[in-house]
J.: 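Here it is, the structure, as structure tokens.
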Amino acid sequence: MHKILIVDDEADLRKLLTDYFEINGYAVLTAKDSQEALRKIEQQPDLVLLDINMPEQNGLQVCEKIRNFVSCPILFLTARIEDTDKIAGFRAGGDDYILKPFSIHELGARVEAHLRREQRIHIKSSVRFNEDLVIDYTARGVFYRHKQIPLAKKEFDIIELLSTHPNIVFEKERIYEKIWGWDTQGDSSVIAEHIRRIRSRLKEHGCNDRIETVWGVGYKWPSS
């Protein structure tokens, strides 16, 4: 079953498209704005239908933010289609344009065609978006405003552990056990030094600290 993410601020259109694609055997995710879209993209959809004209960040900005980290087709939904709009969309990383109002059956056929083509080359990435910070778990890289932050292996391991369990507080001893292993002999106070280094690396690249200290307990990664 293919998974489609529909991003549009019009509730009626989201409902219409959800009903159509679910009837035709697709799993459907929906988002009403850019922030919700960034959270839903972490569920690795096979294709994204992305409205261009949205409040706050528009569809082009969302596409630019996610394109380097997801390989699935991105189809823009738009009420206007000038040549300059097409050029901007393709430069942002879009794969196709669907002009509103559209035939829902034509849209379904285009989605199907893109998914057939994508089956030959599709490689999924596991990523998390936290405002302008992107964690690519597949490539084991952390990026801030499109620039990679260099991290040692254990530093990335700590970020991965905390960020994949948002709002869960980990004691230093538990982090040590998870990263270094039960059978490893060592001092769990080394975790504090690794956290300090991570924070320093984030700061060097202009990124605010994303790891919260829970005094007397441990550390956590807050949900976005």
Side-chain angles (χ1 to χ4, degrees), residues 1-131 134 136-138 164 166-167 223-224:
M1 180 182 291
H2 286 113
K3 187 188 304 180
I4 295 177
L5 171 59
I6 299 168
V7 185
D8 199 294
D9 61 340
E10 296 181 36
D12 290 343
L13 182 57
R14 292 199 306 274
K15 179 68 165 56
L16 172 67
L17 295 179
T18 297
D19 290 345
Y20 173 80
F21 284 110
E22 286 183 344
I23 288 172
N24 285 276
Y26 294 88
V28 179
L29 305 169
T30 64
K32 64 182 181 298
D33 55 33
S34 60
Q35 291 302 313
E36 190 174 7
L38 294 179
R39 292 193 296 271
K40 294 293 181 69
I41 203 74
E42 295 172 6
Q43 298 183 43
Q44 302 182 35
D46 298 297
L47 182 141
V48 178
L49 293 175
L50 181 57
D51 182 31
I52 287 184
N53 299 311
M54 294 190 297
E56 298 179 8
Q57 288 185 317
N58 62 37
L60 296 177
Q61 292 170 309
V62 174
C63 184
E64 288 177 343
K65 181 169 285 191
I66 68 176
R67 179 39 95 195
N68 288 337
F69 303 97
V70 298
S71 60
C72 71
I74 298 175
L75 281 61
F76 287 119
L77 304 176
T78 181
R80 63 182 186 185
I81 191 68
E82 303 293 337
D83 285 344
T84 54
D85 298 322
K86 286 184 178 181
I87 292 170
F90 290 133
R91 283 179 174 170
D95 295 283
D96 203 353
Y97 270 91
I98 309 296
L99 183 63
K100 296 178 181 179
F102 48 76
S103 161
I104 197 165
H105 298 293
E106 179 185 350
L107 173 62
R110 291 221 202 164
V111 166
E112 190 176 335
H114 278 282
L115 289 172
R116 281 199 306 266
R117 188 179 306 119
E118 190 68 9
Q119 284 179 340
R120 299 192 300 267
I121 59 174
H122 187 58
I123 301 173
K124 286 187 176 178
S125 295
S126 177
V127 296
R128 181 176 298 274
F129 295 88
N130 191 249
E131 296 177 354
V134 179
D136 188 333
Y137 300 108
T138 305
T164 53
N167 285 332
S223 59
S224 55

J.: Say whether, by atom type as modelled, one donor and one acceptor occur between the side chain of Lys65 and the main chain of Ser34 under 3.5 angstrom.
T.: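 Not a single qualifying donor-acceptor pair exists.
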
J.: Quick check: are there more than 12 heavy atoms from other residues, nucleotides or ligands sitting under 6.0 Å from CZ of Arg91?
T.: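 No.
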
J.: Any chance you could measure Leu13, atom CG, to Ile104, atom CD1, to the nearest 0.5 Å?
T.: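 Result: 8.0 Å between the selected atoms.
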
J.: Would you indicate whether the side-chain heavy atoms of Gln61 and Asn58 approach each other to under 4.5 Å?
T.: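 Of all side-chain heavy-atom pairs linking Gln61 with Asn58, at least one is under 4.5 Å.
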
J.: Please check this pair: side chain of Lys40 against backbone of Thr30, looking for a donor-acceptor N/O pair closer than 3.5 Å.
T.: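 The answer is yes, because a donor-acceptor pair under 3.5 Å joins these two groups.
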
J.: Would you indicate whether the side-chain heavy atoms of Asp8 and Lys32 approach each other to under 4.5 Å?
T.: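 SC-SC contact between Lys32 and Asp8 ruled out.
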
J.: Looking only at non-hydrogen atoms, find the nearest pair between Phe129 and Glu42 and report the distance.
T.: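 Heavy-atom minimum between the residues: N-OE2, 3.2 Å.
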
J.: Quick check: do Phe102 and Leu77 have side-chain heavy atoms less than 4.5 Å from each other?
T.: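 The answer is yes, as the side chains (C-beta and beyond) meet within the 4.5 Å cut-off.
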
J.: Can a donor-acceptor pair be found, under 3.5 Å and without considering hydrogens, that links the side chain of Thr78 to the backbone of Ile52?
T.: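 No, because the side chain of Thr78 does not come within donor-acceptor range (under 3.5 Å) of the backbone of Ile52.
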
J.: Between Arg110 (side chain only) and Leu75 (backbone N and O only), is there a donor and an acceptor less than 3.5 Å apart?
T.: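 No; zero donor-acceptor contacts below 3.5 Å.
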
J.: About how many Å separate CG of Leu49 and CG of Leu17, when rounded to the nearest 0.5 Å?
T.: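 Going from the CG atom of Leu17 to the CG atom of Leu49 covers 6.5 Å.
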
J.: To the nearest 0.5 angstrom, please state how far the CZ atom of Arg14 sits from the CG atom of Asp51.
T.: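 Spacing of CZ (Arg14) from CG (Asp51) equals 10.0 Å.
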
J.: Please walk me through it: do Ile74 and Ile66 pass side chain to side chain contact (heavy atoms under 4.5 Å, CB included)?
T.: CA-CA 10 Å; Ile74 298 175; Ile66 68 176; 3.9 Å; yes

J.: Where do His114 and Asp95 land on the side chain to side chain donor-acceptor pair (under 3.5 Å) test, with the steps shown first?
T.: CA-CA 9 Å; His114 278 282; Asp95 295 283; 5.5 Å; no

J.: Supply the atom-to-atom distance Ile6 CD1 to Leu50 CG, rounded to the nearest 0.5 angstrom.
T.: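 Result: 11.5 Å between the selected atoms.
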
J.: Salt bridge or not for Lys100 and Glu10, using N-O below 4.0 Å?
T.: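 Salt bridge between Lys100 and Glu10, a charged N being under 4.0 Å from a carboxylate O: yes.
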
J.: May I ask you to decide if Tyr20's main-chain N or O and Asn24's side chain share a donor-acceptor pair within less than 3.5 Å?
T.: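 Yes: the side chain of Asn24 pairs with the backbone of Tyr20.
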
J.: I need the Phe76 CZ to Asp96 CG distance, nearest 0.5 Å.
T.: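 Rounded to the nearest 0.5 Å, the CZ-CG separation comes to 10.5 Å.
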
